[in-house]
Enquirer: 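Pasting in a structure now, in structure tokens, and then I'll have a few things to ask.
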2 protein chains.
Amino acid sequence: MKLTTRGRYAVTAMMDLALHAKLNRITLAAIAGRQNISLSYLEQLFRSLRNAGLIKSVRGAKGGYMLARSEKEISLADILIAADEHINLTCGGGSTCNDADPCLTHSLWTNLSQEFFEFLDSKKLSDLVRSRHVQTMATQQDVTSIGDIPIHISSKIG
Amino acid sequence: MKLTTRGRYAVTAMMDLALHAKLNRITLAAIAGRQNISLSYLEQLFRSLRNAGLIKSVRGAKGGYMLARSEKEISLADILIAADEHINLTCGGGSTCNDADPCLTHSLWTNLSQEFFEFLDSKKLSDLVRSRHVQTMATQQDVTSIGDIPIHISSKIG
DNA sequence: TGAAACCTGAGTAAAATACTCAGGAATAGA
DNA sequence: TCTATTCCTGAGTATTTTACTCAGGTTTCA
């Protein structure tokens, strides 16, 4: 019952995109620098986000990423599912349980999964980036940056 | 973002206790048989549940387990936390984030964690065992059992 | 006393996670 | 057309977590 770093990075990266990509394309290197995430790992992650249709990309020099749809139309559920490929709260199914011969908690997990999904789906990217704390952080990141590489983050561990 | 089998087993076992332990102590062997869970694994799991104060045990012959408090006072959150030791939806903290120098999504995860906890805490064991499907299953398990070992489950994989 | 049950610590195979790496393909601008 | 920039892809790998097993101990009832 925990979130993987993959899921966390995905949300962080999407917030970064939403905050900084008002007009321009954003490069992975910029996000990697600002959020202190390995570039290679981000590339792998953005593959998933792109396959899920959450972001668009432009190749080549001056290329980069942007949101594929409006901030209001992207939910936490969208991002986490894209990143992890599942929000798996079910009983697992497989050999020990199926619809014909369900386990004791089968319908319980099915219902919970549904409720949890609706909970995460109600949290939109637009809500997330509107919080005061996030706005403050984003501004700091812009101010202390030289080009795309922020100074104050360089002391953190990669 | 998924539930481990440990968490699933914990909930299943607690439901089993709630359904069958109206008066008597229930042995681990009985639960292991009915729910098709390895006895050794259950023992390890029940250690956690007992340390968390969710169940009481009586040693020796005729011993067994029972709920430590009323079904209404045990929530899904209680069980999952006891089993997994965390419902970890936070940003992880550690070297890349702390309260003094929080990451972009720090407060986001803190808030989400809280909301998710409240969601799970609102689901009480008494609600879970009241569902029609669970009642039906539990009755079948009693009827088809010889002693404590159910027949219709024996074909499943352990 | 001995069987039935809980109790404990330690170990281990398999799976998942969190990355890295090497190189290819598209595009902008010189 | 060349070169730098950027996305794109497949494959590999160390570490951590999960899901379990095992060997033996302790408590209690009859």
Side-chain angles (χ1 to χ4, degrees), chain A residues 1-10 12-13 17 21 24-33 35-52 55-66 68 80 83-86 88 92 94-96 147-149 157-158, chain B residues 1-10 12-13 17 21 24-33 35-52 55-66 68 80 83-86 88 92 94-96 147-149 157-158:
Chain A
M1 182 60 65
K2 74 176 109 175
L3 188 70
T4 60
T5 55
R6 194 173 157 80
R8 253 189 297 128
Y9 282 174
T12 303
L17 262 192
N24 307 331
R25 298 159 186 167
I26 303 294
T27 67
L28 274 194
I31 299 178
Q35 309 305 339
N36 199 38
I37 303 173
S38 131
L39 179 59
S40 297
Y41 198 38
L42 264 191
E43 283 183 336
Q44 197 195 61
L45 186 52
F46 269 55
R47 223 185 288 189
S48 302
L49 297 176
R50 192 166 148 281
N51 289 339
I55 55 180
K56 283 185 298 192
S57 61
V58 178
R59 281 180 154 201
K62 303 280 179 186
Y65 290 95
M66 61 194 80
L80 292 174
D84 267 336
E85 284 162 26
H86 42 233
N88 194 354
S95 52
T96 54
D148 282 335
I149 310 298
I157 292 171
Chain B
M1 182 61 63
K2 70 177 107 175
L3 188 70
T4 59
T5 55
R6 195 172 157 81
R8 253 190 295 127
Y9 282 173
T12 304
L17 262 192
N24 308 329
R25 298 158 187 166
I26 302 295
T27 68
L28 275 193
I31 299 178
Q35 309 304 340
N36 200 39
I37 303 173
S38 133
L39 179 58
S40 297
Y41 199 38
L42 264 191
E43 284 184 334
Q44 196 195 62
L45 186 53
F46 268 56
R47 223 185 288 189
S48 303
L49 298 177
R50 194 165 145 281
N51 289 339
I55 55 179
K56 282 184 299 191
S57 61
V58 177
R59 282 180 152 204
K62 303 282 178 186
Y65 288 95
M66 62 194 77
L80 292 175
D84 267 336
E85 285 162 27
H86 43 234
N88 193 355
S95 53
T96 54
D148 282 334
I149 309 299
I157 292 172

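In the text below, chain A, chain B and the rest are named by the order of the sequence lines, each starting its count at 1.
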Enquirer: Who passes side chain to side chain donor-acceptor pair (under 3.5 Å) against B/R59, sequence neighbours left out?
Expert: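 Side chain to side chain donor-acceptor pair (under 3.5 Å) check on B/R59 returns nothing, list empty.
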Enquirer: To the nearest Å, give me how far apart CG (A/N24) and P (C/dA28) are.
Expert: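 Answer to the nearest Å: 15 Å.
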Enquirer: Would you give the length of the straight line joining atom CG of A/N36 to atom OG1 of A/T12, rounded to the nearest 0.5 angstrom?
Expert: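 OG1 of A/T12 is found 11.0 Å from CG of A/N36.
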Enquirer: In this structure, how many angstroms lie between the P atom of D/dC8 and the CG atom of A/L39, rounded?
Expert: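 The distance from CG of A/L39 to P of D/dC8 comes to 12 Å, rounded to the nearest Å.
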Enquirer: Which nucleotide in the set D/dT6, C/dC19, C/dG11 lies at the smallest distance from any side-chain heavy atom of B/Q44?
Expert: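 Closest nucleotide among those given: C/dG11.
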Enquirer: Considering only side-chain heavy atoms of B/T27, which listed nucleotide, D/dT21, D/dT18, C/dA5, is closest?
Expert: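 For the B/T27 side chain, the nearest candidate turns out to be C/dA5.
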Enquirer: Indicate for each nucleotide in nucleotides 23-30 of chain D, in 5' to 3' sequence, whether protein heavy atoms under 4.0 Å reach the base (B), only the sugar-phosphate (S), or nothing (-).
Expert: ---BBBS-
Enquirer: Output the rounded distance in Å from CG (A/L3) to P (C/dA16).
Expert: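 To the nearest whole Å, that distance equals 17 Å.
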Enquirer: Excluding sequence neighbours, so at least two apart, what forms side chain to side chain donor-acceptor pair (under 3.5 Å) with A/T5?
Expert: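 Scan of A/T5 (side chain to side chain donor-acceptor pair (under 3.5 Å), adjacent residues dropped) gives none.
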Enquirer: Quick check on D/dT6: is either OP1 or OP2 less than 4.0 Å from any side-chain nitrogen or oxygen of A/S57?
Expert: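 Checking A/S57 against D/dT6: no side-chain N or O falls below 4.0 Å of OP1 or OP2.
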Enquirer: Figure out the CG/P separation between A/L45 and D/dC8, and round it to whole Å.
Expert: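 For the pair A/L45 CG and D/dC8 P, the rounded distance is 13 Å.
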Enquirer: Identify, between A/G63 and A/G7, the residue whose nearest nucleotide on DNA chain C lies closer to the 5' end.
Expert: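 The 5'-side residue here is A/G7.
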Enquirer: Compare side-chain N and O positions of A/Y41 against OP1 and OP2 of C/dT17 and report whether any pair is under 4.0 Å apart.
Expert: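 It does not, given that no N or O in the side chain of A/Y41 lies less than 4.0 Å from OP1 or OP2 of C/dT17.
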Enquirer: Quick one: label A/F46 by what it contacts on the DNA or RNA (base, sugar-phosphate, nothing), any heavy atom closer than 4.0 Å.
Expert: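 Nothing: the residue A/F46, judged by heavy atoms under 4.0 Å, touches no strand.
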Enquirer: Roughly how far, to the nearest 0.5 Å, is the CG atom of A/L45 from the CG atom of A/D84?
Expert: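 Between atom CG of A/D84 and atom CG of A/L45 there are 9.5 Å.
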Enquirer: Donor-acceptor pair, A/R25 side chain versus A/G63 backbone, under 3.5 Å?
Expert: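 Side chain of A/R25 to backbone of A/G63, a donor-acceptor pair under 3.5 Å: no, none is there.
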Enquirer: For A/L28 and D/dC8, what is the distance between atoms CG and C1' respectively, to the nearest whole Å?
Expert: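 Rounding to the nearest Å, CG of A/L28 and C1' of D/dC8 are 10 Å apart.
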Enquirer: Would one find a side-chain N or O of B/Y65 under 4.0 angstrom from OP1 or OP2 of C/dC7?
Expert: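 Yes, within the criterion.
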Enquirer: What is the distance, to the nearest angstrom, from the CG atom on B/L49 to the P atom on C/dC6?
Expert: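 So the CG-P distance, B/L49 to C/dC6, works out to 13 Å.
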Enquirer: Rounded to the nearest 0.5 Å, how far does CD1 of B/I31 lie from CG of B/L17?
Expert: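 Interatomic distance, B/L17 CG to B/I31 CD1, rounded to 0.5 Å: 4.0 Å.
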Enquirer: Quick one: CG on B/L28 to OH on B/Y41, what's the gap to the nearest 0.5 Å?
Expert: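 B/L28 atom CG to B/Y41 atom OH measures 14.0 Å (nearest 0.5 Å).
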Enquirer: When you check the phosphate oxygens OP1 and OP2 of C/dT8, does a side-chain N or O of B/R47 lie under 4.0 Å from one of them?
Expert: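 For C/dT8, OP1/OP2 do not have a side-chain N/O of B/R47 under 4.0 Å.
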Enquirer: Rounded to whole Å, please give me the gap between CD in A/Q35 and P in C/dC19.
Expert: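 It is 15 Å, rounded to the nearest whole Å.
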Enquirer: Between P on C/dT8 and CG on B/L42, what's the gap in Å once rounded to a whole number?
Expert: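 Rounded to whole Å, this separation is 16 Å.
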